[in-house]
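In what follows, a structure is listed as structure tokens, so that the remarks can point back to it.
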Amino acid sequence: MDKNLSGEDNDDIDWDTEDELEIQEIQDTVFPSCTDLRTTGKHVVCCDGEVSSSSVPFRSKFIQQFVVMGFPEESIAKAIEQNGENSDLVLDSLLTFKALDDSPEEQPSVSPPLEPSISSDDSASEYNENVLDNVYDEDSWSSDSDNYINTVKQCYLNDEGSSLSEKEKMLLFLANMGYPAEETSIAMDRCGPKASLPELVDFICAAQMSRAEDPYLLEDVKPNLKDILNDCGGYKKRKMYNELCKRKKQREISGEEPIRLPKPMIGFGIPTESVPRMVQRILPEKTIGPPYFYYENVALAPKGVWDTIKRHLYEIEPEFVDSKYFSATARKRGYLHNLPIENRFPLFPLPPRTIHEALPLSKRWWPSWDTRSKLNCLQTAIGSARLTDKIRKAVEKYDGEPPMEIQKYVLYHCKKWNLVWVGRNKVAPLEPDEVEMLLGFPKNHTRGGGISRTDRYKSLGNSFQVDTVAYHLSVLRDLFPNGINVLSLFSGIGGAEVALYRLGVPLNNVVSVEKSEVNRNIVRSWWEQTNQRGNLIHFDDVQLLSRDRLKKLIESLGGFDLVIGGSPCNNLAGSNRVSRDGLEGKESSLFFDYVRILDDVKSIMSRHR
């Protein structure tokens, strides 16, 4: 994590977060299993990537992998003769042959290659939380990314190929295979700089096939999408794909409709609405508190996750809210609770709602072509010094506004890493104290006590947005004027405790369960600095919080008024291609401990009454 935060050696830093990031609709690791055939030259190519021929002898798998990609056998033989059976060198040679074959006699000079762009539209918040949405959105496959590929190709043709990075070579190679530039760029960002060609092709085709197979996305599919899919050769992951199709068929048979996210994502209402929303909600009788409960997790989880959460939490409808309606930063979350929804009120003073309100010193340096008014979801990693230096050099070459391609390049990274303007032509990542302010925590909440900058970013990136949560919890102030007993599961850095304190709800007893020692120290320090009069009791593992221990705590403290927490989203986040296993994943399965503990608390307290 320290290496990622410094970022001197690698601009493409993977998010290391329990929070988000922000989530595709379909598993991005699935891949089709099919039996249809297509022809390529004299050969018949099966969808599993095998090649058969009645006119040529059997070829080695090494040669077959390049034939399936569409390269002529003559070129493959020439490349192998030059480089031996070294996949990387053979790919480079084939790429060069292809570029030269496609080239005109002369090419004009071009500017240095830039990285692909994304839309500067503010509504495209939380760039990294839902990366496959970009793959699915064919309208976002802009010509600017294609221009980038052409630029890279021209560098090859102008004898500059030796200066191209491995990423640029791979982008050009995938473009020559016929994949759209925007998709190849997203695939490389997600799979990492060391991803092999089959892995990248797997990622792109899996995203395309997932959309084609998903009955809830077909309405948006363009007419030629299935033709595009016919060009995707299968490689792996048939078992997961078949399982996905099986689940979809079962869902269609049962008539089950997955929970859809609302637009706009304002839940049961937000404090800035001029006319309050009239929402009627009837809770099952057995869920009426106390004890009240409040559960939080990423909104953009894989399909079926929130249906499962709802089923295990008494069939209560979740409330989906984007924190951009409460602050200057986006944070799309789902909240499932049995709290009243009438007579809510926000924290005062109201937090800044725009970037310039939150960071007024940046306004002086903010260029007119950077139209952002909100930051994307705050993560646990930051952009590198090397990246910000590249941006400075790219912008300062021009006296006025830089060309459109430079603007799009800069905006792409500013959105991705939440970079802000701090000087003439200078961008920088947010400082930890700025992140604290944007999330509603007091200044220096995570500072000092031996806590590194790395830990500060990580702890903040995995926390609640306090103003959003406080709006939901505000109804508790009148219900518990003499104080409240809280069971805080997965406490993190104490977002729930800070929200209740800022609302003016006395904290009589707080049982905080948090695995991270760093986070426990932060909460303990805040408790002491704010002169809390109640009791703070720490446990480090929800799995060790047994029914017997809960019974003793309830007998000692007189019960709990609120059970609050958000289990880890490691296996729910769209950035996690390795173990995005939903609620069955190692970390995210801790949700079921939240359910177990809540059921035990309700059962024990009902008997005591």
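Starting from 1, each residue takes its place in the sequence as its number.
From Arg331, atom CZ reaches atom OG1 of Thr468 across 9.0 Å, with rounding to the nearest 0.5 Å. The OG atom of Ser567 sits 5.0 Å away from atom CG of Asn297, with the distance rounded to the nearest 0.5 Å. For the atom pair CG of Leu375 and CG of Leu430, the computed distance is 5.5 Å after rounding to the nearest 0.5 Å. Taking CG of Leu438 as the reference point, atom OG of Ser323 lies at 11.0 Å (rounded to 0.5 Å). Here the straight-line distance linking atom CZ of Phe441 with atom CD of Gln465 works out to 8.5 Å at 0.5 Å rounding. Atom CD1 of Ile316 is separated from atom NZ of Lys310 by 10.0 Å, given to the nearest 0.5 angstrom.
When the side chain to side chain contact (heavy atoms under 4.5 Å, CB included) test is applied to Gln529, the partners found at least two apart in sequence or on another chain are Ser525.
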message: Test side-chain hydrogen bond (donor to acceptor under 3.5 Å, both in side chains) on Tyr294 and His472; report intermediate values, then the result.
response: CA-CA 9 Å; Tyr294 187 89; His472 298 159; 2.7 Å; yes
- prompt: Please walk me through it: do Val511 and Phe560 pass side-chain contact (heavy atoms from CB on, under 4.5 Å)?
  reply: CA-CA 9 Å; Val511 176; Phe560 293 108; 3.7 Å; yes
message: Could you go through Leu583 and Ser589, starting from their C-alpha distance and side-chain angles, then the distance that decides it, and tell me whether this counts as side-chain contact (heavy atoms from CB on, under 4.5 Å)?
response: CA-CA 5 Å; Leu583 294 175; Ser589 62; 5.9 Å; no
task: Quick one: do Val513 and Leu545 satisfy side-chain contact (heavy atoms from CB on, under 4.5 Å)? Show the steps, please.
output: CA-CA 9 Å; Val513 188; Leu545 198 58; 4.0 Å; yes
query: Can you list the steps and then say if Asp467 with Ser327 is a side-chain hydrogen bond (donor to acceptor under 3.5 Å, both in side chains)?
result: CA-CA 8 Å; Asp467 299 278; Ser327 67; over 6 Å; no
message: Working note: Ser452 + Asp455, criterion side-chain contact (heavy atoms from CB on, under 4.5 Å); need CA distance, chi angles, decisive distance, verdict.
response: CA-CA 5 Å; Ser452 67; Asp455 286 334; 3.4 Å; yes
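Annotation: side-chain hydrogen bond (donor to acceptor under 3.5 Å, both in side chains) contacts involving residues 429-439, sequence neighbours excluded, comprise Glu431-Arg453, Glu436-Thr446, Glu436-Arg456. Sorted by first and then second residue, the pairs that involve residues 543-566 and meet salt bridge (charged side-chain N to carboxylate O under 4.0 Å, His left out), not counting sequence neighbours, are Arg547-Asp600. Identified under the side-chain hydrogen bond (donor to acceptor under 3.5 Å, both in side chains) test for residues 340-350, with sequence neighbours left out: Glu319-Arg344. Contacts classified as ring pair (Phe, Tyr, Trp, His ring centres under 6.0 Å) and involving residues 312-334 (residues at least two apart or in different chains) are given here: Phe293-Tyr314, Trp306-Phe320, His312-Phe592, Phe326-Tyr471.
Taking a cutoff of 4.0 Å between a charged side-chain nitrogen and a carboxylate oxygen, Glu296 and Arg333 qualify as a salt bridge. Taking the charged nitrogens against the carboxylate oxygens, Arg596 and Asp593 do have a contact shorter than 4.0 Å, which makes a salt bridge.
Thr354 contributes a side-chain N or O that, together with a main-chain N or O of Glu357, makes up a donor-acceptor pair within less than 3.5 Å. Remark: side-chain polar atoms of Ser606 are paired, donor with acceptor, to backbone N or O of Lys602 under 3.5 angstrom. Here the side chain of Asp540 pairs no donor or acceptor atom with the backbone of Lys515 at under 3.5 angstrom.
Donor-acceptor pairing under 3.5 Å is recorded for the side chains of Thr530 and Gln532. Residues Asn535 and Asn509 bring a donor and an acceptor atom of their side chains to less than 3.5 Å of each other.
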Please output the side-chain donor-acceptor pairs of residues 497-507 that fall under 3.5 Å, not counting sequence neighbours, one pair per line with the distance.
| from | atom 1 | to | atom 2 | distance (Å) |
| --- | --- | --- | --- | --- |
| Glu497 | OE2 | Ser488 | OG | 3.2 |
| Arg502 | NH1 | Gly440 | O | 3.0 |

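Between His538 and Arg524, the shortest heavy-atom contact is CD2-NH2, 3.4 Å. Nearest heavy atoms, Leu419 versus Pro429: CD2-N, 3.7 Å. Of all heavy-atom pairs between Phe490 and Leu590, the closest is CZ-O, 3.6 Å. Among all heavy-atom pairs drawn from Ser459 and Ile493, the shortest one is CB-CG2, 3.5 Å. The nearest pair of heavy atoms linking Tyr292 to Leu479 is OH-CD1, 3.6 Å. Between Asn338 and Ile288 the shortest heavy-atom distance is ND2-C, 4.3 Å.
Taking the six-membered ring for Trp and the full ring otherwise, Tyr594 and Tyr295 have centroids separated by under 6.0 Å.
Here the side chains of Asp307 and Val305 are not in contact, with every heavy-atom distance at 4.5 Å or above. Looking at heavy atoms from C-beta onward, Thr329 lies out of side-chain contact with Lys374 at the 4.5 angstrom threshold. The closest side-chain heavy-atom distance from Arg372 to Ile355 is below 4.5 Å.
The number of heavy atoms from other shown groups lying within 6.0 Å of CD (Glu517) does not exceed 12.
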